[in-house]
Asks: 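Before I ask anything, here is the structure I am working with.
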Amino acid sequence: MDDARDKSLPSFAKLSLALLFIVIVFLWSYSSHEELPNNSFLIIGAVFGAYMAMNIGANDVANNVGPAVGAKAMTLMWAIVIAAIFEALGALVAGGDVVNTIKKGIINPALISNPQIFVWAMTAALLSAALWLNFATSIGAPVSTTHSIVGGVMGAGIAAAGFDIVSWETMGKIAASWVISPILGGVIAALFLYFIKKNIMFKDEKLDSAKKFVPLLIAFMTWAFSTYIILKGLKHLIKVDFVTALILGLIISIVVFILVKPLIAKKSLKLTDNRISVNSLFNIPLIFAAALLSFAHGANDVANAIGPLAAINDAVMNATISSKVGIPLWVMAVGAIGIAIGLALYGPRLIKTVGSEITELDQVRAFSIAMAAAITVIIASQLGLPVSSTHIAVGGVFGVGFLREWLDSSEEKFLKEIRGKFKKDKNQLDKYQLELNQLAAKDSKSKIDYKRIVELYNLIDEKDEKVKLERKEFKSAKRIKYVKRDAIKKIIAAWIITVPAAAFVSATIFFMIKGMML
């Protein structure tokens, strides 16, 4: 991953390409709305929307592909290509033609009577959220883009109409998601990892266990992801209830199980019976998981970039304030293309953070995290619990890391036992060798001495083999790395301050705009 990052474009080239996209958006919005009265803030909003979309791509998309890249299931370059394509497809195909202008209903737009002030507020919200995401990306902290725009809208709303405009009950639920999301994601990821370790990795015949359980795990993943995509990724195209989505997902998973089972059996014939071979069976499922997560993310989270822009467009075009507005194709394109460009230019930093800087990941651990991402969203949506996809994914990384720490306590006992046995047998071997040397040095040897020498040679050979085996076992039993505490502190701190920081910056920008315009 480091090599791929080192070969990426220089900082100046990245900045130049990002600015080129913003300039293109500016020229398009200006030329297409030149005849429109009061078009200045629509053009500015388009520029800020493009900037916000790139920051979403740079920060949020890492959660979808980071674990797969960290596990080396695919290269960084292919992760960027796959994520960019499926993010854009999700936004353009399943992003919907109507968007809520006020994300999560956190403020009541009816309390802002002047459409011009509403436009200023949405402009401030866009810019503040984008600036906060830019800062978080620069320090390598994966934060929720939804929470960033929520903070931006809240801050601008308070600045425009006072504290009464905010739905504090909704804000309370969002605050609760800071705890609910990572805990749910972490617990589910840890449970999956423990299941795989207990039923496959800790078995003597790993390949035989893998042939039995891997097709079932892939089928279960298909069920979870099919349900997830039907409920979340395609909700703007087709409307189905939870039970129908579950049944459709189950049918798809049964088909996948029938197809996958013989393929796994065939591939296992070419593999050796070890951990690395079993891990390799999860490579293809991880690539599909990254693509599907990116598609669902593009369908849902593109609204973070274009929701306020669509609101500005509607307010300028119709001189009214609406809670839901239509999305022009050019607005959706700004969001979709911006996310893809931001991911390609600045995504590697956060992909590295999620994939390797919190804890070491392999294919099985990354698979557990991907499963947690889909299942947690499904459970939370049915229970009405507020969750963040970013917090779920990173919580999943924490979960598998902490499970490894817990298992490491057993590993330490195992290491102590090996060390004790090794020392004991080595001491005994040394004693046999010393006795043999003493007997060999004797000038006159009795029949008993010769008999003892033969016996010692046999004992030394036997004990030497045992000591060599224990030495090899001891060296191969490496201590598992712990979850990096510095990374945890930095990420959790960024999560906690995202909403208030974005709100403060948004309010400040709103007052600056108001001061310049009045």
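The basis for the numbers below is simple: all heavy atoms, side chains too, and nothing from hydrogens, waters or symmetry mates.
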Asks: Could you grab the distance from atom CD of Glu87 to atom CD1 of Ile56, nearest 0.5 Å is fine?
Replies: 9.0 Å
Asks: Is the backbone of Pro142 close enough, under 3.5 Å, to the side chain of Trp495 for a donor and an acceptor to pair up by distance?
Replies: yes
Asks: At what distance, to the nearest 0.5 angstrom, does CG of Leu281 lie from CD1 of Ile200?
Replies: 8.5 Å
Asks: Do the non-hydrogen side-chain atoms of Leu248 and Ser226 ever get within less than 4.5 Å of each other?
Replies: no
Asks: Val454 and Asn458: side chain to side chain contact (heavy atoms under 4.5 Å, CB included), yes or no, with the steps?
Replies: CA-CA 6 Å; Val454 173; Asn458 289 331; 4.1 Å; yes
Asks: Indicate yes or no for a side-chain donor-acceptor contact from Arg275 to the backbone of Met201 under 3.5 Å, with no hydrogens or angles considered.
Replies: no
Asks: What's the separation between atom CD1 in Ile496 and atom CD1 in Ile491, rounded to the nearest 0.5 Å?
Replies: 12.0 Å
Asks: Inspect the surroundings of CG in Leu269 and state if more than 12 heavy atoms from other residues, nucleotides or ligands are less than 6.0 Å away.
Replies: yes
Asks: Checking side chain to side chain donor-acceptor pair (under 3.5 Å) against Thr145, which of Thr498, Asp60, Asn55 comes through?
Replies: Asp60
Asks: Taking atom CG of Asp241 as the centre, does the number of heavy atoms from other residues, nucleotides or ligands within less than 6.0 Å exceed 12?
Replies: yes
Asks: Is it the case that more than 12 heavy atoms not belonging to Tyr457 sit under 6.0 Å from its OH atom?
Replies: no
Asks: Would you say that Ile379 contacts Ile188 through its side chain, given a criterion of any heavy-atom pair below 4.5 Å between the two side chains?
Replies: yes
Asks: So, Asp208 and Lys212, do they make that salt bridge, N to O below 4.0 Å?
Replies: no
Asks: Would a 4.5 Å heavy-atom cut-off, applied to side chains only, mark Lys261 and Phe257 as touching?
Replies: yes
Asks: Answer yes or no: are there more than 12 heavy-atom neighbours, outside Ile448 itself, under 6.0 Å from its atom CD1?
Replies: no
Asks: Students often mix this up, so state it plainly: with edges at 30° and 60°, are the rings of Phe220 and Trp223 parallel, tilted or perpendicular?
Replies: perpendicular
Asks: Taking atom CD1 of Ile254 and atom CG of Leu259, what is their separation to the nearest 0.5 Å?
Replies: 12.0 Å
Asks: Once the angle between the rings of Tyr228 and Phe225 is folded into 0 to 90°, is it parallel (under 30°), tilted (30 to 60°) or perpendicular (over 60°)?
Replies: perpendicular
Asks: If you define the side chain from C-beta out and look only at heavy atoms, does anything of Val394 sit under 4.5 Å from Ile358?
Replies: yes
Asks: Can any side-chain N or O of Thr376 pair as donor or acceptor with the backbone N or O of Ala373 at less than 3.5 Å?
Replies: no
Asks: Let me confirm one number: the CG-CG distance from Asn59 to Leu133, rounded to the nearest 0.5 Å.
Replies: 5.5 Å
Asks: Compare all side-chain heavy atoms of Ile183 with those of Phe398 and state whether any distance is below 4.5 angstrom.
Replies: no
Asks: Please list all pairs passing the ring-ring contact (aromatic ring centres under 6.0 Å, His included) test where one or both residues lie in residues 63-88, with sequence neighbours left out.
Replies: none
Asks: Would you say Lys490's side chain and Ile139's backbone share a donor-acceptor pair under 3.5 angstrom?
Replies: yes
Asks: Spell out, as yes or no, whether a donor-acceptor pair under 3.5 Å connects the side chain of Asp464 to the backbone of Ile460.
Replies: no
Asks: Go through the side-chain N and O atoms of Asn283 and Ser280 and say whether any donor and acceptor fall under 3.5 Å apart.
Replies: no
Asks: Rounded to the nearest 0.5 Å, what separates atom OG1 in Thr359 from atom CG in Leu361?
Replies: 6.5 Å
Asks: Under 3.5 Å, is there a donor-acceptor pair between the side chain of Thr222 and the main chain of Ile218?
Replies: yes
Asks: Quick check on Phe288: does its CZ atom have over 12 non-hydrogen neighbours (other residues, nucleotides or ligands) under 6.0 Å away?
Replies: no
Asks: If we only count heavy atoms from C-beta on, is the Ile196 to Ser368 side-chain gap below 4.5 Å?
Replies: yes
Asks: Sub-3.5 Å donor-acceptor pair from the side chain of Arg404 to the main-chain atoms of Glu360, do we have one?
Replies: yes
Asks: In terms of ring plane angle, is the pair His391 and His147 parallel, tilted or perpendicular, where the classes change at 30° and 60°?
Replies: perpendicular
Asks: Sub-3.5 Å donor-acceptor pair from the side chain of Asp273 to the main-chain atoms of Lys206, do we have one?
Replies: yes
Asks: Quick one, Val143 and Trp132 - any side-chain contact, counting heavy atoms below 4.5 Å?
Replies: yes
Asks: May I ask you to decide if Lys203's main-chain N or O and Ser209's side chain share a donor-acceptor pair within less than 3.5 Å?
Replies: no
Asks: With a sphere of 6.0 Å drawn around CD of Glu462, does it hold more than 12 non-hydrogen atoms of other residues, nucleotides or ligands?
Replies: no
Asks: In terms of side-chain heavy atoms, does Asn134 have a donor or acceptor partner in Thr137 at a distance below 3.5 Å?
Replies: no
Asks: Please tell me if the side chains of Leu193 and Val364 come closer than 4.5 Å, counting only heavy atoms from C-beta onward.
Replies: yes
